[in-house]
There are 2 protein chains.
Amino acid sequence: MPQVELYDTTLRDGAQMEGLSFSLEDKLKIARKLDELGMHYIEGGYPGSNPKDAEFFQRAREIKWQNARIAAFGSTRKAGGKAETDPNLKALLDGGTSVITMVGKSHLRHVTDILETTAEENLAMVRDSIAYVASQGREAFFDAEHFFDGFYFDPDYALSVIRAADRAGATRIILCDTNGGMVTGRLVEAIRAVRAATSVPLGIHVHNDADLAVANSLAAVEAGVLQVQGCLNGYGERTGNANLASVIANLQLKLDTPVITPAQLAKLTESSNYVAEIANMTAPNNQPYVGVSAFAHKGGLHVAAMMKRDDSYQHIDPALVGNEKRVLVSELSGQRNITAKLAEQGVDIALSPAEARAILEQVKAQEAKGYQYEGAEASFELLVRRSQPGYRAPFELEDFLIIERRRWAPDADKNDIIAEAVVHVKVGDQKLQTAGEGNGPVNALDGAVRKALLEFYPQLSVIKLVDYKVRILDSGAGTGAHVRVLIESTDGTRYWRTVGSSTDIIEASWLALADCLEWWLLNAG
Amino acid sequence: MPQVELYDTTLRDGAQMEGLSFSLEDKLKIARKLDELGMHYIEGGYPGSNPKDAEFFQRAREIKWQNARIAAFGSTRKAGGKAETDPNLKALLDGGTSVITMVGKSHLRHVTDILETTAEENLAMVRDSIAYVASQGREAFFDAEHFFDGFYFDPDYALSVIRAADRAGATRIILCDTNGGMVTGRLVEAIRAVRAATSVPLGIHVHNDADLAVANSLAAVEAGVLQVQGCLNGYGERTGNANLASVIANLQLKLDTPVITPAQLAKLTESSNYVAEIANMTAPNNQPYVGVSAFAHKGGLHVAAMMKRDDSYQHIDPALVGNEKRVLVSELSGQRNITAKLAEQGVDIALSPAEARAILEQVKAQEAKGYQYEGAEASFELLVRRSQPGYRAPFELEDFLIIERRRWAPDADKNDIIAEAVVHVKVGDQKLQTAGEGNGPVNALDGAVRKALLEFYPQLSVIKLVDYKVRILDSGAGTGAHVRVLIESTDGTRYWRTVGSSTDIIEASWLALADCLEWWLLNAG
């Protein structure tokens with residue numbers, strides 16, 4: 001048994017977060033990434049409540065997991081029923097996982113007022129459900145919901161629920177701060193009382209409502225708890241669950257309690273970003289350990305000190321968690337950033353200090369217009385190339401016309417939308433006019449431009465767009481706001497990213513698309 | 001002396017955050033709001049390093065502060081110099097504040113390797129600077145930079161710096177976890193050693209690099225520290241400073257340590273939002289206590305329990321911090337989420353359980369198409385109203401035509417873009433055709449539709465869009481991806497949010513715009 005085991009519930013409790021909703025494919029992708037990262041348990045969902053979750057467990061059985069065991073989650077049997085015939089327990093068993101986690105009440109007032117049953121019947125529900133699941137050859141974990149609030153409401157009853165789970169054969173008893181309001185001292189005091197009442201290994205499951213979820217998880221481990229439950233990136237209902245990215249890094253780097261291998265820890269940042277991407281949530285820049293700003297230095301004095309010693313203003317070496325140091329562009333350090341950045345990208349252009357300064361000014365002017373080159377290296381490279389004397393672009397888009405019509409189609413009994421684009425493209429001295437259509441104006445424009453360019457550069461047909469992101473910059477300006485479009489493209493082997501900005505989403509998209517094609521023609525075509 | 005005093009450094013340390021930059025007017029607005037909230041000290045900036053900060057102190061002297069004392073921040077005198085002639089100390093004194101906070105080194109390796117001076121000279125710098133500032137009739141606070149790392153590197157030297165500050169007349173000695181990497185146990189151990197070495201009231205200043213800044217601030221108070229330094233919303237370099245919103249709420253509501261009045265605490269959410277607005281930072285939905293999701297309930301079982309008791313899934317009454325409970329509607333919802341949501345929105349439609357179930361199914365079907373009603377209550381209300389027999393929409397958009405042309409304008413030496421829209425709108429039996437133009441297709445469509453509707457509903461002219469967000473849902477599908485548009489609108493008094501989804505950004509925008517206007521006509525027009 002490891003010193004501490006990790007139980008990730010991103011796919012179940014994490015999905016309770018406002019604005020988050022996972023498709024079945026999303027769930028499978030995230031589970032694979034969590035497994036790679038070294039999670040010991042991955043809670044896949046709630047098969048009794050949701051057909052999508054039931055399907056997840058079917059698909060999960062076909063996957064060979066490297067590190068994790070998959071757990072299904074559900075409630076103890078209904079009040080007044082029998083475990084053997086409970087439809088929810090049946091769905092849990094049908095999930096086919098070797099671990100089943102059951103949640104039950106441990107707060108007496110919740111038993112009487114919410115469940116509307118008796119103290120005795122609740123104990124029987126816990127006992128019967130765990131014993132039945134164990135009798136079916138599965139490991140039974142018991143989540144004691146509202147345990148801490150329940151302990152301070154009626155300690156004897158809360159502990160009697162724990163003892164019932166113990167006697168029925170639970171192999172883990174997880175203490176939940178369901179409402180997330182516990183301060184650390186009271187949490188630890190309650191854990192001590194539980195440890196005196198049972199020898200079953202304990203787990204901790206806390207929410208972040210008091211901004212203490214990570215601290216409380218660590219304090220629980222120090223108080224002898226084996227299992228930490230939480231979500232990567234701290235997703236979850238209300239203010240979220242304990243953020244496992246922070247918990248893992250702290251255990252491993254600060255509390256001398258390794259939970260994953262150093263190689264897995266070095267994938268922490270990438271894993272956090274991947275899950276955020278699939279979840280379609282913006283990753284907070286200032287997220288500890290894994291955020292893009294976590295090792296970013298802005299103050300002039302700090303940057304000067306960092307040039308003497310890397311640990312002056314960093315608590316760890318960022319490489320340990322797969323992150324990196326960044327010096328933010330300022331008037332003093334900027335010029336060096338330009339040349340360092342080109343070298344980093346392998347672009348063979350030697351700039352004089354004066355040229356580098358001129359490019360820095362241009363970057364700043366473009367950023368004031370809404371561009372951002374941090375996530376669009378290919379557009380940055382083009383900006384530098386275009387500044388060189390004698391640069392000749394492989395093509396030019398002379399102009400475009402977009403027509404889009406939405407009208408009622410009585411035969412189909414729905415609205416029909418047609419978007420068409422006409423473009424004029426110039427390559428060397430040759431001009432070409434083409435038209436295209438699509439399921440939106442940008443799609444139509446994309447089609448028309450490619451049709452034109454393929455006549456000159458048939459090799460362009462390998463390029464595919466893999467990502468298309470739109471960000472409204474000054475969203476308070478309503479439909480007249482500035483728009484930034486970021487595009488990621490691939491030719492099957494390499495990936496590159498480009499940016500466009502305008503008050504018009506069509507133009508912004510066009511600028512990013514044009515950079516995508518131009519960069520590839522210069523570098524591979 | 002209060003049990004605990006609050007020292008806000010949003011305007012100085014907070015401004016080190018990536019992406020954050022305050023104008024002078026921003027700083028004055030935020031300082032006024034922090035004063036209203038009941039902060040005891042507001043650190044205004046670094047007058048020695050920055051002319052904007054020097055001007056701030058000039059302006060601050062003309063303001064009558066209700067609760068706060070303004071503090072100026074700077075370094076101790078330069079190595080080898082004299083306090084009396086140090087330009088930085090002069091700038092600090094010129095700031096005219098009654099409190100001056102000076103930062104100095106307490107980590108021996110930083111003295112030798114970064115400052116490149118001797119252990120003795122650093123002690124003299126601390127001593128001279130504090131004594132000089134105190135001799136000028138000001139209160140001298142001493143920030144011991146890197147104190148905790150310094151204590152574990154060389155405890156004798158770190159404590160000798162503290163003693164030097166004490167003897168020179170510092171009225172507060174603030175222990176800084178500058179790199180933010182301390183775990184709570186080690187932090188408390190070091191505080192105990194300092195308390196044995198000095199009787200000067202202590203402060204705590206921690207950063208969030210290990211995701212423990214709030215927990216460490218509370219632990220420091222429990223260990224006897226008087227002053228907590230931090231930033232509202234946890235702004236600050238890298239991962240930020242301790243979030244004072246969470247610290248205040250925890251002290252007051254959890255640790256029986258009032259720091260502001262209950263009326264001020266009830267302004268915590270508004271103050272947090274105001275500062276985020278001025279700082280032009282997106283406020284995280286899941287921020288503890290003050291986030292828009294902090295008391296939002298999504299799971300069907302949770303909502304059912306909340307209808308029995310409000311404290312089932314809330315750790316405090318949200319009104320205490322000026323926040324409110326919200327019910328979310330999503331695929332995880334039960335039928336009761338639908339009726340609870342309508343009641344919360346004050347919509348007077350009584351649904352039978354069968355009707356509520358049918359609407360829930362419709363919500364799920366719409367979410368599968370890319371809609372999301374969690375952030376778009378007005379669109380949800382319309383979905384319910386449209387399901388009622390006899391509902392008649394105040395208008396219908398029959399069809400639209402968009403024409404956009406980008407072409408080279410040789411006279412202007414730039415590309416000209418013209419976007420025009422033609423719409424057919426039906427109100428009752430009347431039909432109207434209008435045209436509009438704008439700086440993009442959505443802006444043009446918006447203009448044309450409003451022009452048409454104003455003929456029928458002149459009162460619509462008060463409506464303004466305050467926010468327009470676009471999210472690409474399946475970004476891997478490139479320019480053919482599904483797009484979700486969220487719009488927030490206001491008529492000057494109320495705010496409402498609507499949603500539209502399509503593969504076509506123009507149609508998605510139109511659907512959200514139409515809901516915006518239709519909702520207002522039903523509820524206010």
Side-chain angles (χ1 to χ4, degrees), chain A residues 16 18-19 113-114 179-181 183 208-212 214-215 237-240 246 250 254 285-286 288 293-294 296 298-299 305 308-309 312-313 315 399-407 417 439-440 442-443 446 465-470 472 475-476 478-481 503-507, chain B residues 16 18 113-114 179-181 183 208-212 214-215 237-240 246 250 254 285-286 288 293-294 296 298-299 305 308-309 312-313 315 328 374 399-407 417 439-440 442-443 446 465-470 472 475-476 478-481 503-505 507:
Chain A
Q16 304 275 330
E18 180 166 11
D113 291 14
I114 305 295
N179 294 3
V183 291
N208 199 37
D209 298 75
D211 218 346
L212 296 170
V214 169
E237 193 160 23
R238 305 187 312 268
T239 59
S246 300
N250 279 331
K254 300 294 170 76
N285 285 352
N286 62 352
S293 303
K298 180 166 167 179
K308 296 180 183 173
R309 287 188 71 103
S312 320
Y313 291 91
H315 67 129
D399 51 49
F400 64 70
L401 171 70
I402 307 270
I403 296 169
E404 168 158 348
R405 172 142 231 166
R406 180 201 204 240
R407 72 179 343 168
I417 296 202
N439 60 9
V442 179
N443 198 226
D446 186 26
L465 258 58
V466 290
D467 201 4
Y468 173 69
K469 282 196 184 115
V470 175
I472 304 292
S475 51
T479 55
T503 55
D504 176 359
I505 190 168
I506 299 175
E507 188 185 36
Chain B
Q16 303 277 327
E18 181 167 9
D113 291 16
I114 306 296
N179 294 4
V183 290
N208 198 36
D209 297 76
D211 218 347
L212 295 171
V214 170
E237 192 160 24
R238 304 189 312 270
T239 60
S246 300
N250 279 330
K254 300 294 170 77
N285 284 351
N286 62 352
S293 303
K298 182 164 167 180
K308 296 180 183 173
R309 288 189 68 104
S312 319
Y313 292 91
H315 66 127
L328 305 179
E374 278 173 19
D399 51 47
F400 64 70
L401 171 72
I402 307 271
I403 296 169
E404 168 159 348
R405 173 144 232 165
R406 179 199 203 242
R407 71 179 342 168
I417 295 201
N439 61 7
V442 179
N443 197 228
D446 186 25
L465 259 56
V466 289
D467 200 4
Y468 174 69
K469 283 195 183 115
V470 175
I472 303 293
S475 52
T479 56
T503 55
D504 177 358
I505 190 167
E507 188 185 34

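In what follows, every chain begins at residue 1, and chains take the letters A, B, ... in the order their sequences are listed.
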Candidate pair A:Ile114 and B:Arg309, rule side chain to side chain contact (heavy atoms under 4.5 Å, CB included), full reasoning: CA-CA 8 Å; A:Ile114 305 295; B:Arg309 288 189 68 104; 4.2 Å; yes

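- The greatest number of non-hydrogen atom pairs below 4.5 Å with chain B, out of A:Glu237, A:Glu507, A:Arg407, is found for A:Glu237.
- You'll find the side chain of B:Asn208 stays beyond 4.5 Å of the side chain of A:Asn286, heavy atoms only.
- For A:Ser293 against B:Glu18, the heavy-atom pair with the smallest separation is OG-OE1, 2.5 Å.
- By the side-chain contact (heavy atoms from CB on, under 4.5 Å) test, B:Ala210 pairs with A:Asn250, A:Lys254, A:Tyr289, B:Leu212, sequence neighbours left out.
- Between chain A and the options B:Pro288, B:Ser246, B:Gly181, the largest number of non-hydrogen pairs under 4.5 Å is found for B:Pro288.
- When heavy atoms are compared at a cutoff of 4.5 Å, B:Leu328 approaches chain A solely by way of its side chain, counted from C-beta outward.
- Going from atom CZ of B:Arg406 over to atom CG of A:Leu401 covers 13.0 Å, rounded to the nearest 0.5 Å.
- For the salt bridge (Lys or Arg N to Asp or Glu O under 4.0 Å) test, no residue two or more places apart in sequence or in another chain qualifies with B:Asp211.
- Counting heavy-atom pairs closer than 4.5 Å to chain B, the top residue among A:Ile506, A:Ile403, A:Asp209 is A:Asp209.
- Contacts of A:Ile417 with chain B are made by side-chain atoms alone, with heavy-atom separations under 4.5 Å and no backbone atom involved.
- For the set B:Ala305, B:Ser312, B:Gly180, B:Ala296, the count of heavy-atom pairs under 4.5 angstrom toward chain A peaks at B:Ser312.
- Panel note: side chain A:Asn439, backbone B:Asp504; no donor-acceptor pair is recorded below 3.5 Å.
- Contact annotation: the side chain of B:Tyr313 approaches that of A:Arg238 to within less than 4.5 Å [non-hydrogen atoms, C-beta and beyond].
- Both the backbone and the side chain of A:Val214 come within contact range of chain B, judged by heavy atoms closer than 4.5 Å.
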